[in-house]
Amino acid sequence: MELSAKYNPAEVEDKWYGYWLRNKFFHSEPDEREPYTIVIPPPNVTGVLHMGHMLNNTIQDVLVRRARMNGKNACWVPGTDHASIATEAKVVAKLAEQGIDKHSLTREQFMEHAWVWRKKHGGIILEQLKKLGASCDWDRTRFTMDPALSEAVINTFVYFYKKGLIYRGVRMVNWDPKSLTAVSDEEVIHKETKSKLYYLRYMISDNGKPSETEYAVIATTRPETIMADAAVCINPNDPRYTHLKGKKLFIPLINREIPIIEDEYVTIDFGTGCLKVTPAHDVNDYNLGLKHNLPVIDIIDDHGCLNEKAVILVGEDRFVARKKIVKMIADAGQLEKEEDYISPVGHSERSDAVIEPKLSLQWFLKMEDLAKGALERVENGDIKLIPDKFRNTYRHWMETARDWCISRQLWWGQQIPAYYLPDGRFVVEATREEALEAARKLDPTLKEEDLRQDPDVLDTWFSSWLWPISVFDPAVPGRPGTIPNKDLAYYYPTNDLVTAPEIIFFWVARMVMAGNEFMGNVPFRNVYFTGIVRDKLGRKMSKSLGNSPDPIMLMEKYGADGVRLGMLLCSSAGNDILFDESQVEQGRNFCNKIWNAYRLVRGWEVDRNTEPSEAASCAVRWFDNKLSQTIETIEEHYDKFRISDALMTLYKLFWDDFCAWYLEIVKPEYGKPIDGKTFDATITFFDKLLKLLHPIMPFITEELWQNLSERKDGETIMLERMPKSQGYDSTVIADFTLASSAIASLRNVRQSKGISPKEKIDLVICGEFPENMLCVLTKMSNLGEISFTTSLDNREAGVSFLAGTVQMFVPLQGLLNVEEEIAKVESEIVRYEKFLKGVEAKLSNEKFVNNAPEAVVKTELKKKSDATAKLESLKTTLAQLKKQ
RNA sequence: GGGAGCAUAGCUCAGUUGGUUUAGAGCAUCUGCCUUACAAGCAGAGGGUCGGGGGUUCGACUCCCUCUGCUCCCACCA
C-alpha cells in the first residue's frame, strides 16, 4: 500500500479509540499490581470542552498512560459535577426562553426540567474527551448527583452536624429584591454607579438629650438606613475626635440614642472619619457589630421597602425613601452638605436590580480543626504541591480559613437534611423517616406532614470534596466505621491530582480535609497545578470574549496528537500558558515527521546476506547509547513533573538524533538494500521511540506500532512496557558529538565557499580524533582523502576550524577570499583574548583561588589552557593567510 | 485594601542548594537548497547581559533591599 506523504489523523483516531474501548484496555480492576490512580476534576455536567480542559486532561492522560506502560494498574476515574449555580442558571434561562418563570414551578417540577436538561447536555464533555484520546475507565463514570453519591453528601452533613461542626448562623447574602431570591457572589455585578455622599449631623448626647449645638458629621451614601444605625464608629487614633470618646449620639429624625465606638477599621481620611454602623444592611458593619456587640436592626423587607422597624417612611421603597429622608433631614437642619460620588454598586446579574445585603440564616461548617489537619498534610510533605510555590498560598488559606457557608438558595443539588418542626425547632437526619422519628422525641404528636425540610441545597463543593472517596465507595463518607469496599481499599489514596490553582482552597484543600476525616489518609500524593490558558494577548480564554478556539475544530484540523503536543509544548507547571495555534501546528508537523520516518524505514528492501557498513554499525552503537542516556533524562523530567521538558527531550531525540543523524547515516544508497542487522536495529529503535512517545501522542504511535511488525488482534502499544535505560558509555556519545560538530563545520565550509555537496573535499586532522568515527565523517561529509598531521604550519590555502579542541583543515585552492578570512580570524582572536584576560584576572585573584572549591578553580585553569591553545592556532592560521 | 506570584533572545519557556554555561531550548527570522521519507522538509547563520537601581560575596540570572510593570486569589470601603 502506498502511504501518503502526510499523516492523516482522521483515518486513524476513531479506529484506534474504538479498538481500545472494545478491548477494555482502559478498564481497571483491583489486582496484585501496584495501583496508579487519578480522579478527574469533574467538569460541569452541562459544560463543553474548552482549552483549559484540553490542557488538564492531556496531562492526566500522559501520566496515566505512562503509569500503565510502567506496569502499574492504572485507573483514571472520569465523571461530572452537578455545578449547582451554573447549571441552575442555565436551566432557569432555558425556562425563561420558553416563557416559564422558575417561581411558578414547584420544586419537583423544576427538578424534572433540570434532569431533562442534564440528560440532554450532560456527558457531551465526556464524549469530547474521548476525541482527545483520554484513557479514562469509562465503566467507572460518576456524577456528583448519582443517588449513591448524593447519599454520601447527606450522610456527611448529618455526620458533621452531630459532631457539632455544622451550625446555623447569620450571614449577609446578596438579596435580589426583584427576583426575591439570594444570589451568589458570582452573580453579582459591581457597576460604577453615580450617587451622592450625604453629610449628616448627629447631635451629641448631653445627659440623654440631644445637644443644641454640638454634633458629629457622618458621611453616608445610604441615608435611608439611618434608622437601622446601631452605633457610630471612629478611629481611636483620630486626633480630631478624642472629645467624642465615650459619648453618645442621636440619630436624626427619630432621635434614638446610639453609642460611639472605636475601631481601627475606620479610615481616618475617608469622608469625615465618622462611620455610621448599620449591622443589618452592610457586611462590614455587620462584622463590626459582632465585634462590638451591637444590636441588629433590620428595617428593609424582602421587596426592598422600609418596614415598621424603620419607624418613619414605613412601606416606602428604599430609593424613594432615600430622596424623602434627605429632604426631611435638610428641613431639620441636619444636612451639612452633599457631594457627587461614584462607587461600585452590586447589581443582580439576572434582574439588574440593586443588590440589598441582607442577613439570613445559613448553614456553616467549622473550619478550624479541619483546616489545621489539612495544613499539616502539606507542611509535613504527605502531599506535594507542584510547583512548590503554591504551598505559600495554601498555608495562607489554611491559617485564615473562615467557616464554610455550605447552604445555597437553589434547588439543583442535594437538599439540606434539616427538618423543621412547626414551632421552629429542627432535627437533622439522613431521611425523612428518621427525621420524623427524631422529631417525635421532641413532640410525640407530630405527623409527617408537619415536618418541613430546609429548602436550600448544599454547596457543590460539599459534594466534590468527597470525590476521591465517593467515586469508589460512596458508603464511606459520613459513616465512620464503615469498612471500605475492595475498590476504595485498593485505589485510595490516589496518586496525582491535576487541577487549576484557583481552586486550591475550594476543592484541593477540602478534599484533604475530607480524606483526613473519613479515611484518615490523604486523598492524593501529588497535586500538579496547571496554568490558565490565555490567548496570545494574555487574556483569559472565555466564551464571552470569543477568543477561545473550539478544541474539537482544532483536533479536526491538526489531529488530536498534534493538539496534545501543542498544549504540552508551552505548559510548565503552575505558569499560565499563552496559547497560539502555531504551537498546534508544530505538533502536527512533528506527527508528520514521525510518519515520514516510518515511510522511509518501511520502504527499505532488506538483504540479509550483506554485513553492515562501518558507518552503520557505528551509528547503531551510538544511537543505542544515546537512547539509554536520553531515557534517563526523560525519566528525571517526568519524576519532577516537568512534562514539557520531557516532551522536548523526546522531540529532539526523535527529530535530531534519530532522523537527522541516525537515519541519514544508516540510510542505504539509492536503489540499494539495507543489511539485515542494521534494519533490525532500526526497527527496534523505532519500536522503543514509539513507546516513549505513546503517552503524549497515543494515536499515531499506535497506528505505526501496529504496522511496524506483525501484530495479533488484542495487542496494543498501550499495554507494552516502557523502554528502560540499559546504561550507556559516555565516550561513545562524546565521540559522536565530536564527529557531528566536525560534520556541521564541514557543511558550513561547503556552504560559505559554495562547494556542492556532490563534490568531494579533503580533510586534514591535527590532533586526536576517534578513528572509528572517520567512517561517519566520510559518509556524511562526502570526504575524499583524510590525513593526519601534528602541525598545520606551512599549509597552502584552506580553511581551518575546531571540532571540540581538535583542529581541522580543509585545503582549498583558489576558493578563498583572503581578506575576508583574515578579518574573520582577527575578530576571533580579539574575542578569545578578551575571554582569556577575564579568566586570567580571576585566577590571579588570590581570594578566588583560596576560597573557591578546587573543582571550580580547575575548570578555570582548563578554560585558560583551552583558550590559549585556540589563540595559538588562530594566530598560526592568521600568519599563513597573511603570507598569501 | 490584604495575600501570593511573575519579569531571561521577536514569541513561549528552561536555567534544579551562587562557581564546568564567555547564558540554553523550541518556535519565529535570515541565507542556501524541489538532495530519490518528509518544502508541514533539509543544511547553515544571526539574535539576549538575564525589568531598573542598590547591597551581600573572591564570584549573582541565581541571595537580600528598593523601584517599575504585569497576573492571580480574597475583601470590596462608608
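Chain A is the first sequence line, chain B the second, and so forth, proteins listed ahead of strands; every chain is numbered from 1.
Counting to the nearest Å, the P atom of B/U35 and the CD atom of A/Glu664 are 13 Å from each other.
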For residues 837-847 of chain A, tabulate all N or O donor-acceptor pairs below 3.5 Å that involve a side-chain atom, not counting sequence neighbours.
unit_1: A/Ser844; atom_1: OG; unit_2: A/Glu840; atom_2: O; d: 3.1
unit_1: A/Ser844; atom_1: OG; unit_2: A/Ala841; atom_2: O; d: 3.1
unit_1: A/Asn845; atom_1: OD1; unit_2: A/Lys847; atom_2: N; d: 2.9
unit_1: A/Asn845; atom_1: OD1; unit_2: A/Phe848; atom_2: N; d: 3.4

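Phosphate proximity of B/A40 to A/Arg588: absent, as no side-chain N or O sits under 4.0 Å from OP1 or OP2. Between A/Lys640 and B/U16 there is no side-chain polar atom (N or O) within less than 4.0 angstrom of OP1 or OP2. A close approach under 4.0 Å does occur between a side-chain nitrogen or oxygen of A/Tyr651 and OP1 or OP2 of B/C27. Taking 4.0 angstrom as the limit, A/Trp655 places a side-chain polar atom (N or O) nearer than this to OP1 or OP2 of B/C42. For A/Asn589, a side-chain nitrogen or oxygen approaches OP1 or OP2 of B/G41 to under 4.0 Å.
Within the nucleic acid shown, A/Thr221 comes within 4.0 Å of sugar-phosphate atoms alone, with no base atom in reach, counting heavy atoms only. If you check every strand for non-hydrogen atoms under 4.0 Å, A/Gln586 touches sugar and phosphate atoms only. The residue A/Trp397 sits close only to the backbone: its heavy atoms come under 4.0 Å of sugar-phosphate atoms, none of a base. Using a 4.0 Å heavy-atom criterion, one finds that A/Asn592 contacts the bases of the nucleic acid, with or without backbone contacts as well.
The partner of B/A7 is B/U68, by the rule that a Watson-Crick or G-U pair needs both atom distances under 3.5 Å.
Comparing A/Asp645 and A/Pro757, the nucleotide of RNA chain B nearest to each residue sits closer to the 5' end for A/Asp645.
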Exercise for review: Sugar-phosphate atoms are those with a prime plus P, OP1 and OP2; base atoms are the rest. Using that split, label each nucleotide of nucleotides 18-24 of chain B B, S or - for protein heavy atoms under 4.0 Å, 5' to 3'.
Suggested key: -BB-B--
